[in-house]
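One-based numbering, in listed order, for ligands and for the atoms of each. Hydrogens, waters and symmetry mates are skipped; everything else that's a heavy atom, side chains included, is used.
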Amino acid sequence: MNVALSGEFGVRVRRNEPLSRHTSWHVGGPAEVFFNPRDLADLAAFLRAVPPEVPIHWIGLGSNLLVRDGGLPGVVISTHGTLDALERRSETGVYAQAGVVCAQLARACIQWGLGPAEFFAGIPGTLGGALAMNAGAFGGETWQHVRTVETIDRAGRVRARAAAEYRVSYRQVLAPAPEEWFIAAHLSFERRPGTHSGEVRTLLERRKAAQPIGEWSCGSVFTNPPGQHAAQLIESAGLKGFRLGDASVSLKHANFIINHGQARAADLERLIAHVRAEVERVHGVRLDPEVRIVGVP
Ligand SMILES: Cc1cc2nc3c(=O)[nH]c(=O)nc-3n(C[C@H](O)[C@H](O)[C@H](O)COP(=O)(O)OP(=O)(O)OC[C@H]3O[C@@H](n4cnc5c(N)ncnc54)[C@H](O)[C@@H]3O)c2cc1C
């Protein structure tokens with residue numbers, strides 16, 4: 001769509017940046033404009049420079065994103081390596097910006113004697129992504145710990161919002177207003193004296209035993225339907241190991257789809273559609289994707 005940007009941003013952004021470099025599935029066409037802000041003031045100035053008709057997308061570590069092969073028209077804002085302030089603000093309160101990596105948050109909380117935050121250790125994304133997804137594991141969920149969030153809008157306006165302003169459920173967060181993105185959160189934990197690093201190790205080992213960690217995936221592709229496990233439904237539909245081109249249903253965990261190296265987003269999307277159709281045919285259950293599918297084919 002030919003995004004025109006005024007001033008220094010015209011030269012600082014990356015144009016046609018392949019998003020396969022920024023997603024854990026290693027697929028995805030180009031971002032028309034890719035921007036990694038230096039800090040909050042830089043981000044606000046950039047947002048003000050983006051013309052109102054240009055779509056804006058956000059990306060953290062791309063660990064829950066399927067970007068189609070035609071890429072993303074408009075602007076992609078990446079928080080990777082930036083907006084990464086992480087501070088203990090009170091006895092049980094933690095302030096973390098959206099670019100903080102979840103594993104880092106888990107480590108800091110353990111060091112500060114706060115918890116339970118161990119579950120964050122296994123989520124390979126940023127806090128911004130975890131807020132958008134209500135990411136969780138082993139019984140813990142991101143929004144259980146959110147008191148307030150700070151957001152920014154297209155005009156670069158920063159707002160504080162209480163957690164109660166959001167409708168939060170399993171892997172779903174409905175915001176009170178469109179086009180407001182997370183820049184930080186005030187989180188609260190319990191005092192948990194003693195060392196809990198052993199618990200992180202145990203959780204990571206459990207994860208490694210059950211999931212194809214280290215292979216190219218986006219974690220669980222589908223959410224669990226109420227009272228059921230997506231992985232069990234997929235496995236009992238006979239789909240474990242089912243392969244389309246270079247994409248396959250993981251042999252280790254049927255709710256993971258692996259890119260073995262050469263798969264394109266279209267292959268992954270076709271495999272997702274096939275799994276959905278088969279599970280519906282065999283079990284009469286419609287699976288909903290957890291992974292966010294964006295971009296043009
Ligand atoms: C091996 C593996 C294991 C995983 N295990 C788990 C698990 O146990 N539990 C779990 O919940 N998830 C899991 N995931 C999925 C993923 O890590 C989480 O959903 C994570 O929270 C995504 O964070 P991200 O920074 O990578 O977000 P991205 O994938 O970059 O983005 C996800 C969504 O969040 C939006 N977003 C990102 N940043 C912001 C922001 N600042 N403001 C507003 N919106 C934003 C994006 O636009 C997109 O819609 C796993 C993934 C992998 C690869």
Option of least heavy-atom distance to atom 51 (C) of ligand 1 (set: S78, G128, A98, S63): S63
Proximal atoms of ligand 1 relative to C218 (non-hydrogen, under 4.0 Å): 15 (C), 51 (C), 52 (C), 53 (C)
Ligand 1 atoms in contact with A137 (distance to a heavy atom under 4.0 Å): 8 (O)
R270/D267 ion pair, N-O < 4.0 Å: yes
Pairs involving residues 50-73, ordered by first then second residue, that meet side-chain hydrogen bond (donor to acceptor under 3.5 Å, both in side chains) (sequence neighbours left out): R68-E269
Geometric cation-pi criterion, R14 with F34: 6.0 Å, 45°: no
Polar atom proximity, N64 to ligand 1 (N or O, under 3.5 Å): yes
Close N or O approach (Q211, ligand 1; < 3.5 Å): no
Close N or O approach (G60, ligand 1; < 3.5 Å): yes
Selection from W216, Y170, F182, F119 by shortest heavy-atom distance to atom 41 (N) of ligand 1: F182
Cationic N near anionic O, under 4.0 Å, R159 to E150: no
Side-chain H-bond candidate by donor/acceptor type, R171 with T223, under 3.5 Å: no
Best match, A132, A185, G99: closest heavy atom to atom 44 (N) of ligand 1: A132
Listed once per pair and sorted, the side-chain hydrogen bond (donor to acceptor under 3.5 Å, both in side chains) pairs that draw on residues 103-126, sequence neighbours left out: E118-R192
Whether F189 and F120 hold their rings parallel, tilted or perpendicular, with breakpoints at 30° and 60°: perpendicular
Geometric N/O contact R171 with ligand 1, under 3.5 angstrom: yes
Identity of the nearest option to atom 12 (N) of ligand 1, non-hydrogen atoms only, from E179, E290, M133: E290
Heavy-atom nearest neighbour in the protein, as seen from atom 8 (O) of ligand 1, with distance rounded to 0.1 Å: R207 NH2, 2.7 Å
Identity and separation of the nearest protein heavy atom to atom 48 (C) of ligand 1: L65 CD2, 4.0 Å
Residue, atom name and distance, where the atom is the protein heavy atom closest to atom 27 (O) of ligand 1: G129 CA, 3.6 Å
Minimum-distance protein heavy atom relative to atom 40 (C) of ligand 1: W58 CE3, 3.7 Å
Any H22 heavy atom less than 4.0 Å from ligand 1: no
Distance filter under 4.0 Å to I59 heavy atoms, resulting ligand 1 atoms: 30 (O)
Best match, G122, S217, A130: closest heavy atom to atom 1 (C) of ligand 1: S217
Heteroatom distance test (L61, ligand 1): nitrogen or oxygen, under 3.5 angstrom: yes
Ligand 1 to T79 polar contact by distance, N or O atoms, under 3.5 Å: no
4.5 Å side-chain heavy-atom contact, V221 and V249: no
Pair L114-R191, side chain to side chain contact (heavy atoms under 4.5 Å, CB included): steps then yes or no: CA-CA 5 Å; L114 298 176; R191 284 282 298 131; 4.2 Å; yes
Check: Q97/D84 side-chain N/O donor and acceptor closer than 3.5 Å: no
Residue, atom name and distance, where the atom is the protein heavy atom closest to atom 49 (O) of ligand 1: R292 NH1, 3.0 Å
4.0 Å protein heavy-atom contact status of atom 4 (C) of ligand 1, strictly under: yes
Atom indices of ligand 1 within 4.0 angstrom of G219 heavy atoms, with elements: 2 (C), 3 (C), 4 (C), 50 (C), 51 (C), 52 (C), 53 (C)
Atom indices of ligand 1 within 4.0 angstrom of G125 heavy atoms, with elements: 23 (O), 24 (P), 25 (O), 26 (O)
For atom 10 (C) of ligand 1, the protein heavy atom that lies nearest, with its residue and separation: G136 O, 3.4 Å
G62 N/O under 3.5 Å from ligand 1 N/O: yes
Q232 vs E235, side chain to side chain contact (heavy atoms under 4.5 Å, CB included): CA-CA, chis, key distance, verdict: CA-CA 5 Å; Q232 258 162 26; E235 185 171 349; 5.7 Å; no
Derivation of the side chain to side chain contact (heavy atoms under 4.5 Å, CB included) call for V75 and F9: CA-CA 12 Å; V75 160; F9 295 119; over 6 Å; no
Residues, nucleotides or ligands: over 12 heavy atoms within 6.0 Å of H283 NE2: yes
Any side-chain heavy-atom pair of E17 and H22 under 4.5 Å: yes
Aromatic ring proximity F256/F222, centre distance under 6.0 Å: no
contact_flag H57 ligand 1 heavy-atom lt 4.0 Å: no
